[in-house]
Amino acid sequence: MNNVRMDNMSWIEYENRVKAGAVVFLPCGATEQHGPHLPLGTDALLASAISEDVALAINGIVAPALSYGYKSQPKCGGGQHFCGTTSVDGATLTAIVRDAVKEFHRHGVKRLVLVIGHYENQWFVTEGIELALRDIGSDTGLEVMRLEHWEFVNASTLATIFPNGFPGIALEHAAVIETSMMLHYHPDMVALDKIPEHGPAEFPVYDIYPTRIEWVPESGVLSSAKGSTAQKGKLLVDDVVEGISRAVRYEFLLPEAS
Ligand code: ZN
Ligand code: MN
């Protein structure tokens, strides 16, 4: 059975699978510029595709992604000044996550995994989980895992993909990792011929508000996406899917791969 998407299931099928103990995945993305070569939905698309691969491996369910994220920051997402970047306040994201976690709990979900695909979301998603668990109470049997998918890329894979040194995940916005993963999952959405030719952005260690938009490359890409390939995407995705599957099995005491 390959249907892991909640939005493609009837409520009866969903209920049966939740009652059988299925792990539910909630991708947490954004609608944010990703340079001239990637779509605005990249963060939600990747978090969803990775969640679907993991759910296939462990017979889980993937809920519809949260597709608006916390405000894009200049040093890791380019910033809020790009047309198309559509963000919500931290309190709004926290409230959505809090409500969604409580709804999954009402459905009877015991094992929930929030898969973050947008760097800026982390603490607001965390706060939503914390507040939901405080509302629900701690003895209900609900456990929630929160993760950032890129943390599961192995050091050896990074060394292979970045022989001259890894620029760091913040500067990887719309760069080799996201572009290669998109070439793996959604090659029809990647415009390789539009990848801009410029080196990595350089930022001071501090921030200034309002944003100094002149610090941010006009393309919205923070380090070059040149050299992105579907093969690199597969290497990255294999690490991430295997690592998340292993973590979920281990923490939630699921049997090993069938
Ligand atoms: Zn992104
Ligand atoms: Mn992002």
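When a ligand or atom number is given, it counts from 1 through the structure's own listing order. It should be emphasised that the depicted structure is a prediction, and the values quoted were computed from it without experimental measurement.
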Participant: For the pair Lys232 (side chain) and Gly227 (backbone), establish whether a donor and an acceptor sit closer than 3.5 Å, ignoring hydrogens and angles.
Facilitator: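 Such a contact is found between Lys232 side chain and Gly227 backbone.
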
Participant: Near the Mn ion (ligand 2), is there an N/O/S atom from Glu120 that is less than 2.8 Å away?
Facilitator: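 No.
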
Participant: In sequence, state the C-alpha distance, the side-chain angles, and the governing distance for Glu32 and Ser72, and then conclude on side chain to side chain donor-acceptor pair (under 3.5 Å).
Facilitator: CA-CA 7 Å; Glu32 181 186 42; Ser72 183; 2.7 Å; yes

Participant: In Glu32, what N, O or S atom is nearest to the Mn ion (ligand 2), if we give its atom name?
Facilitator: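 Going through the N, O and S atoms of Glu32 one by one, OE1 ends up nearest to the Mn ion (ligand 2).
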
Participant: If you look at Asp43, which of its N/O/S atoms is nearest to the Zn ion (ligand 1)?
Facilitator: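 Looking at Asp43, the N, O or S atom with the least distance to the Zn ion (ligand 1) is OD1.
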
Participant: Any N/O/S atom from His118 (main chain or side chain) under 2.8 Å of the Mn ion (ligand 2)?
Facilitator: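 Yes - counting backbone and side chain alike, His118 has an N, O or S atom under 2.8 Å.
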
Participant: For the Mn ion (ligand 2), what is the closest N, O or S atom on Asp43?
Facilitator: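 Output for this pair reads OD2.
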
Participant: With the Zn ion (ligand 1) at the apex, how many degrees lie between OE2 of Glu178 and NE2 of His34, rounded to 10 degrees?
Facilitator: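 Approximately 120° at the metal, rounded to tens of degrees.
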
Participant: Where do Ser87 and Gln80 land on the side chain to side chain donor-acceptor pair (under 3.5 Å) test, with the steps shown first?
Facilitator: CA-CA 8 Å; Ser87 307; Gln80 281 294 115; 2.7 Å; yes

Participant: Do Glu242 and Arg246 meet the salt-bridge criterion of a basic N to acidic O distance under 4.0 Å?
Facilitator: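 A salt bridge is present here (some side-chain N lies under 4.0 Å from a carboxylate O).
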
Participant: Kindly indicate whether the side chain of Asp43, heavy atoms from C-beta on, has any atom under 4.5 Å from the side chain of Glu178.
Facilitator: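 A side-chain contact exists here, since the closest heavy-atom pair is under 4.5 Å.
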
